[in-house]
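This report concerns only the one structure given below.
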Amino acid sequence: MRIPLDKIGEEPFAWRQQLTLNAESLERSELLGLGEILWQGSVERQEGGFRLDGRLEYEQTVSCSRCLEPLVVPVESQVRLRLMRAVPVAAEGEIELTEADLETVYVEGEEIDTLQLVREQLQLNIPMRSLCSESCQGLCPTCGANRNKETCGCDQVEVDPRWEALKNLRDG
Ligand SMILES: [Zn+2]
Ligand SMILES: [Zn+2]
């Protein structure tokens, strides 16, 4: 979505767009897939610049942090930004920033391409940790079996990690 900043007058510029992005392009191994993304919002003039209010809705497929099974998670997120024209360094002191709670993005040129904003937001929305269920049993550390689905029969006695390290040294 390209927003023509120079064409925004009294009326806000509004958009509504469906887009698809390749999950792999975000280069996060825990993100397995992305559904169609609904990206909508508006930009309006505000003293000294513009204000962007956007909303993203989509589904993401992430892997469970314990058992690695895929799970589909609906996501809704708000994007609120203040857009400012990039200004020469000399003029910097003349700008009074208001609404310091909004993230400010400096724009060069007459239009802004929101794809980069969307990509950043998608990155932020990937959880550090996902669980298919709080009681997920994870994978067997010995044979890799999914312990939610099968009982592999491996010895599940907890091994002292220090002992395990020594053992690895000796075996290696
Ligand atoms: Zn799981
Ligand atoms: Zn096992």
Side-chain angles (χ1 to χ4, degrees), residues 1-3 12-43 50-83 99-107 111-172:
M1 187 70 231
R2 302 183 81 87
I3 300 170
F13 175 88
W15 76 91
R16 183 183 167 91
Q17 180 192 26
Q18 312 252 37
L19 68 149
T20 51
L21 269 177
N22 186 338
E24 282 170 22
S25 73
L26 295 178
E27 296 179 342
R28 294 277 294 272
S29 58
E30 65 272 48
L31 183 71
L32 305 177
L34 280 172
E36 187 163 76
I37 299 160
L38 176 61
W39 168 227
Q40 57 187 329
S42 64
V43 175
F50 301 87
R51 177 197 176 95
L52 181 150
D53 264 292
R55 180 182 178 80
L56 283 164
E57 287 171 61
Y58 59 98
E59 286 186 338
Q60 64 183 357
T61 307
V62 292
S63 55
C64 170
S65 305
R66 285 186 198 152
C67 72
L68 309 181
E69 286 292 305
L71 51 143
V72 177
V73 186
V75 184
E76 281 187 21
S77 65
Q78 304 286 344
V79 186
R80 296 179 70 209
L81 296 172
R82 184 177 165 81
L83 307 175
E99 296 198 56
D101 54 320
L102 292 185
E103 193 185 333
T104 301
V105 171
Y106 290 92
V107 184
E111 60 177 19
I112 176 170
D113 185 350
T114 60
L115 184 59
Q116 192 53 34
L117 288 178
V118 170
R119 292 176 58 85
E120 282 170 16
Q121 201 63 34
L122 295 184
Q123 282 281 3
L124 291 173
N125 291 342
I126 301 170
M128 297 291 286
R129 188 177 156 79
S130 312
L131 287 180
C132 62
S133 101
E134 283 300 321
S135 60
C136 174
Q137 298 298 302
L139 301 178
C140 168
T142 307
C143 72
N146 183 338
R147 293 192 291 197
N148 301 314
K149 293 180 177 169
E150 54 187 305
T151 308
C152 56
C154 294
D155 194 354
Q156 299 297 348
V157 176
E158 291 293 323
V159 179
D160 185 324
R162 287 166 300 177
W163 166 241
E164 186 72 346
L166 279 176
K167 181 169 168 290
N168 287 342
L169 272 180
R170 199 186 54 197
D171 292 351

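Sequence positions, counted from 1, serve as the residue numbers for this chain. Numbering of ligands and ligand atoms starts at 1, following listing order.
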The Zn ion (ligand 1): angle it makes with SG (C67) and SG (C64), nearest 10 degrees: 110°

For the student: nearest non-hydrogen atoms of N125 and S77, plus distance: ND2-OG, 3.0 Å

Minimum heavy-atom distance M1-W39, with the two atoms named: CB-NE1, 4.1 Å

What angle sits at the Zn ion (ligand 2) between SG of C140 and SG of C154, to 10°? 110°

Do other residues, nucleotides or ligands put more than 12 heavy atoms under 6.0 Å from E150 CD? yes

E76 and R55, any side-chain heavy atoms less than 4.5 Å apart: yes

Angle subtended at the Zn ion (ligand 1) by C136 SG and C132 SG, rounded to 10 degrees: 110°

